Amino acid sequence: MVTIAVTAEPGDEPRFAASPETVKKLAGLGCTVKIASGAGSRSRFSDAQLAAQGATIVPTAAEALAGADILLKVRRPDAAEIAQLKPGAIVAAIVDPYGDRGALEALAATKASIFAMELMPRITRAQSMDVLSSQANLAGYKAVVDAAAMFEQAMPMMMTAAGTVPAAKCFVMGAGVAGLQAIATARRLGAQVSATDVRPAAKEQVASLGAKFVAVEDDEFKQAQTAAGYAKPMSAEYQKKQAELVAAHIKNQDIVITTALIPGRPAPRLITKEMVEGMKAGAVIIDLAAERGGNCELTKPGEIVDHNGVRISGLLNLAGMIPVNASSLYAKNLYAFLELLIDKKEKALNVNWDDEIVKGTLLAKDGVLVHAIFAPAKAA
Ligand code: NAD
């Protein structure tokens, strides 16, 4: 029998790592799911709903953690929480593997097997476990909804007897998972949408959503995608050409949604202060890259700033602002991952440490940070 603990997240994180649906599925795998009372409430999952699907609701987090084999979290738990689990227990969370190294080492020192869900390999078999996709998709949607609310004009073109309201012009920078959802959402709201990316594969995807693709399409662009499907950092020369193009395009935009990221690095700077100063008063920028420093020079993570009438939102955790969906999808990602680690017949943990998905996400084991991302630092 495998015991799984799910406890509440820190105050600024409304998401939760289990849902009524996944509790039922985990019970179906033969697991006992212990949930601290009230822990799911910010995602609107009540104790009663979770219990009805088979969860064991316990009064405190300590009781949920005591002797559990697995801990499921949204954010990185602290070492004190992990210490209450069974020795060598499994922890799965969005761990922020490129963040504070000292804190990661403290986690490793607990000797738990810690899985960083954001390192999930982007292979077909792991699609249902891909937390970056499930959360980025929601963030892309929410960015446009927020922009529409902040923008003091209508989004669609309206032809009325009193005159014509023009369609808002929306520019999406970075056409990955979040960007493509932002394009689709802005189109649904009636905006005239354009988008940019450095990966050539994005061109067709942008066009298929009915948006105009705007990019510097030189030789470097043709090779900008890594084998893992991510963007490479671009050369100074490319960045200069890109900046010139963006500066000219952004002047006429009403809404700009930025989503550009490069794994393990600060977000690329795509919008300078000067470019913002060239924009129309009333324009809105939603910077989804704020968590990693922002794509816009003026972004302040966690804040909305007003620069000469252009408002720039660096609000964090947009997926968390629609916690019901975000938690449901995240919990499903975790369930799909646990299916890989649990032997259904034996109803026991059975981890194949050589599995590509296990290897790709395993951050720490037996007291050591084992993931390949730590290899260069080790060598140094
Ligand atoms: P991401 O969050 O790392 O980055 C967002 C976007 O920013 C990417 O499209 C990236 O190319 C772009 N970007 C980076 N630097 C830029 C720059 N200087 N200028 C403009 N744009 C820049 O990416 P993501 O959303 O995680 O998606 C990356 C790719 O992986 C996409 O092609 C996506 O479809 C693919 N993907 C594959 C799977 C799978 O096969 N299982 C799952 C999810 C995503």
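Position 1 is the first residue of the sequence; numbering continues from there. What you see is a predicted model; the values in this text were computed from it and never measured. For ligands, and for the atoms within them, numbers begin at 1 and follow the listed sequence.
Pairing each heavy atom of Ile342 with each of Ile70, the nearest pair is CD1-CD1, 4.3 Å.
The ligand atoms of ligand 1 that sit less than 4.0 angstrom from a heavy atom of Asp130 are 42 (C), 43 (C). Heavy-atom proximity to Ala175, at under 4.0 Å, picks out these atoms of ligand 1: 9 (O). Close approach to Gly174 involves these atoms of ligand 1, each under 4.0 Å from a residue heavy atom: 6 (C), 7 (O), 12 (C), 21 (N). The contact set between ligand 1 and Tyr230, taken as ligand atoms under 4.0 Å from a residue heavy atom, comprises 3 (O), 26 (O). Against a heavy-atom cut-off of under 4.0 Å, Gln127 is close to the following atoms of ligand 1: 39 (C), 40 (O), 41 (N). Near Gln242, the atoms of ligand 1 lying under 4.0 angstrom from a non-hydrogen atom of the residue are 17 (C), 18 (N), 19 (N), 20 (C).
By the 6.0 Å contact criterion, NZ on Lys240 is open, its count of non-hydrogen atoms from other residues, nucleotides or ligands being 12 or less. Annotation for Glu356: atom CD does not count as buried by contact number, only 12 or fewer foreign heavy atoms lying within 6.0 Å. Atom CZ of Phe221 has more than 12 neighbouring heavy atoms from other residues, nucleotides or ligands inside a 6.0 Å radius. Within a 6.0 Å radius of CD in Glu237, other residues, nucleotides and ligands contribute 12 heavy atoms or fewer.
To the nearest 0.5 Å, atoms CG (Leu318) and CD (Gln135) are separated by 11.5 Å.
Looking only at protein heavy atoms, the nearest one to atom 43 (C) of ligand 1 is Ser133 OG, 2.8 Å. The single protein non-hydrogen atom nearest to atom 32 (O) of ligand 1 is Arg199 NH1, 2.8 Å, given as residue, atom name and distance. Here the protein heavy atom with the shortest distance to atom 5 (C) of ligand 1 is Thr259 O, 3.3 Å. Here the heavy atom of the protein found nearest to atom 17 (C) of ligand 1 is Val198 CG1, 3.6 Å. Of the protein's non-hydrogen atoms, the one nearest atom 12 (C) of ligand 1 is Asp197 OD2, 3.3 Å. Shortest contact from atom 25 (O) of ligand 1 to any protein heavy atom: Val177 N, 2.7 Å. Scanning the protein for heavy atoms near atom 29 (C) of ligand 1, the closest one is Gly229 O, 2.9 Å.
The stretch residues 266-275 participates, sequence neighbours left out, in these salt bridge (charged side-chain N to carboxylate O under 4.0 Å, His left out) pairs: Lys273-Glu277. Listed by first then second residue, pairs satisfying salt bridge (charged side-chain N to carboxylate O under 4.0 Å, His left out) with a partner in residues 11-26 read Glu13-Arg15, Glu13-Arg75, Glu21-Lys332, not counting sequence neighbours.
Residue Leu270 touches ligand 1 through its side chain alone, judged by heavy-atom distances below 4.0 Å. At a heavy-atom cutoff of 4.0 Å, ligand 1 is contacted by both the backbone and the side chain of Ala260.
Closest to atom 37 (C) of ligand 1 by heavy atom, among Gln239, Arg122, Met234, is Arg122. Distances from atom 1 (P) of ligand 1 to the heavy atoms of Thr258, Leu261, Ile262 put Leu261 nearest.
For Ser133 and Arg122, the side-chain atoms include at least one donor-acceptor pair closer than 3.5 Å.
In terms of polar-atom proximity, defined here as any N/O pair under 3.5 Å, Gly176 does make such a contact with ligand 1.
The presence of a protein heavy atom under 4.0 Å from atom 21 (N) of ligand 1 is confirmed.
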Would you please test Asp100 and Arg76 for salt bridge (charged side-chain N to carboxylate O under 4.0 Å, His left out) and show each step?
CA-CA 11 Å; Asp100 181 359; Arg76 179 201 291 178; 5.1 Å; no
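Ring geometry for Phe115 against Phe337 counts as perpendicular: the plane angle is over 60°, on a 0 to 90° scale with 30° as the lower cut.
Between Lys203 and Glu217 there is a salt bridge, with a side-chain nitrogen of the basic residue lying less than 4.0 Å from a carboxylate oxygen of the acidic one.
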